[in-house]
Amino acid sequence: MDETIIIACEERLRSAMLSSNVEVLDELIADDLIFVNHFGEILSKEMDLKAHRSGNLKITEIDILDQRIRLFDMLAVTVTRVTLTGIFGTPFEGEFYYTRVWQCRIGKWKIVSGHCSSVA
């Protein structure tokens, strides 16, 4: 496996988040996703897609500051530091770390788990 595949998946995810492209997000996120946000809340795939679909979440900027990737058989783990700007009820801006676990399922890479933390 080559790191460039995961980099491309991460970029596809970033683009989909910026445009709230629910179809692409649906492709990239596993149905059984477990995601913990920076408030410590566990979110499902449907909760994430609903926020984008409804327009309640609008991400206007995602700048990648650093990204590390670890490859395992049919898994990859990414740790990405970003600055994020957008609106979720009220405007927000901050620096965050995202950890994502990607798994290759039937030839397609899907996010099966993720975690977000705010950089103090």
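Excluded from the calculations below are hydrogen atoms, water molecules and symmetry mates; all remaining heavy atoms, backbone and side chain alike, are included. Keep in mind the model is a prediction, meaning the values are calculated, not measured. This chain uses plain numbering: 1 for the first residue, then up along the sequence.
- Smallest separation of non-hydrogen atoms from V24 and A16: CG1-CB, 3.7 Å.
- Here CZ of F35 is found 11.5 Å from OG of S44. Values are rounded to the nearest 0.5 Å.
- If you run side chain to side chain contact (heavy atoms under 4.5 Å, CB included) between R81 and each of D63, I64, D66, only D66 comes through.
- Between V112 and A30, the shortest heavy-atom distance links the atoms CG1-CB, 3.9 Å.
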task = Just do the side-chain contact (heavy atoms from CB on, under 4.5 Å) check on I6 and W109 with the steps written out, would you?
result = CA-CA 8 Å; I6 302 305; W109 286 94; 3.8 Å; yes

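- Of the inter-residue distances, the one linking E93 atom CD with I87 atom CD1 reads 12.0 Å to the nearest 0.5 angstrom.
- Of the residues listed (K108, K110, R12), the one engaging E27 in a salt bridge (charged side-chain N to carboxylate O under 4.0 Å, His left out) is R12, and it is the only one.
- Among all heavy-atom pairs drawn from S54 and A51, the shortest one is OG-O, 3.2 Å.
- Look at D26 and R53 and you find no salt bridge, because none of the NZ, NE, NH1 or NH2 atoms lies under 4.0 Å from a carboxylate O.
- Residue-environment remark: CG (D32) exceeds the threshold of 12 foreign heavy atoms within 6.0 Å.
- Nearest heavy atom pair, residue S113 against residue L33, reads N-CD1, 3.9 Å.
- Both L28 and M47 are members of a single hydrophobic cluster when ILVMFWY side chains are connected at heavy-atom separations under 4.5 Å.
- Using a 30° and 60° split on the angle between ring planes, H38 and F96 fall in the perpendicular class, above 60°.
- Q103 CD to D73 CG: the interatomic distance, rounded to the nearest 0.5 Å, is 11.0 Å.
- Heavy-atom neighbours of L43 CG from other residues, nucleotides or ligands within 6.0 Å: above the threshold of 12.
- Residues satisfying the salt bridge (charged side-chain N to carboxylate O under 4.0 Å, His left out) criterion with E61, sequence neighbours excluded, are absent altogether.
- In the hydrophobic clustering of this structure, W102 does not group with M74; members are Ile, Leu, Val, Met, Phe, Trp, Tyr whose side-chain heavy atoms approach within less than 4.5 Å, directly or through other members.
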task = Apply side-chain contact (heavy atoms from CB on, under 4.5 Å) to T60 and L18, showing your working.
result = CA-CA 6 Å; T60 55; L18 284 167; 5.8 Å; no

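- Looking at heavy atoms from C-beta onward, T85 lies out of side-chain contact with I59 at the 4.5 angstrom threshold.
- If you chain together hydrophobic residues whose side chains sit under 4.5 Å apart, I5 and I111 fall into the same group.
- Around the CD atom of E41, the shell of radius 6.0 Å holds more than 12 heavy atoms that belong to other residues, nucleotides or ligands.
- We find the CZ-CD1 distance between R14 and I62 to be 6.5 Å, quoted to the nearest 0.5 Å.
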inquiry  = Using side-chain contact (heavy atoms from CB on, under 4.5 Å), reason through Y97 and V119 one step at a time and then give a plain yes or no.
reply    = CA-CA 7 Å; Y97 269 108; V119 177; 3.6 Å; yes

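- For the atom pair CZ of F39 and OG of S118, the computed distance is 8.5 Å after rounding to the nearest 0.5 Å.
- Listed by first then second residue, pairs satisfying ring pair (Phe, Tyr, Trp, His ring centres under 6.0 Å) with a partner in residues 59-95 number zero, not counting sequence neighbours.
- Not counting sequence neighbours, D2 has no partner by the salt bridge (charged side-chain N to carboxylate O under 4.0 Å, His left out) test.
- Follow the hydrophobic side-chain contacts under 4.5 Å out from L13 and you never reach V79; the two are in separate clusters.
- No path of Ile, Leu, Val, Met, Phe, Trp and Tyr side chains, each step under 4.5 Å between heavy atoms, connects I34 with V101, placing them in separate hydrophobic clusters.
- Of the possible donor and acceptor atoms, none in the side chain of T78 sits under 3.5 Å from a partner among the backbone N and O of I69.
- One distance of note links CD of E3 with CZ of R70; it measures 8.5 Å at 0.5 Å rounding.
- Note on R100 versus E10: salt bridge recorded, some NZ/NE/NH1/NH2 to OD/OE distance being below 4.0 Å.
- A donor-acceptor contact shorter than 3.5 Å is absent between the side chain of K50 and the backbone of K45.
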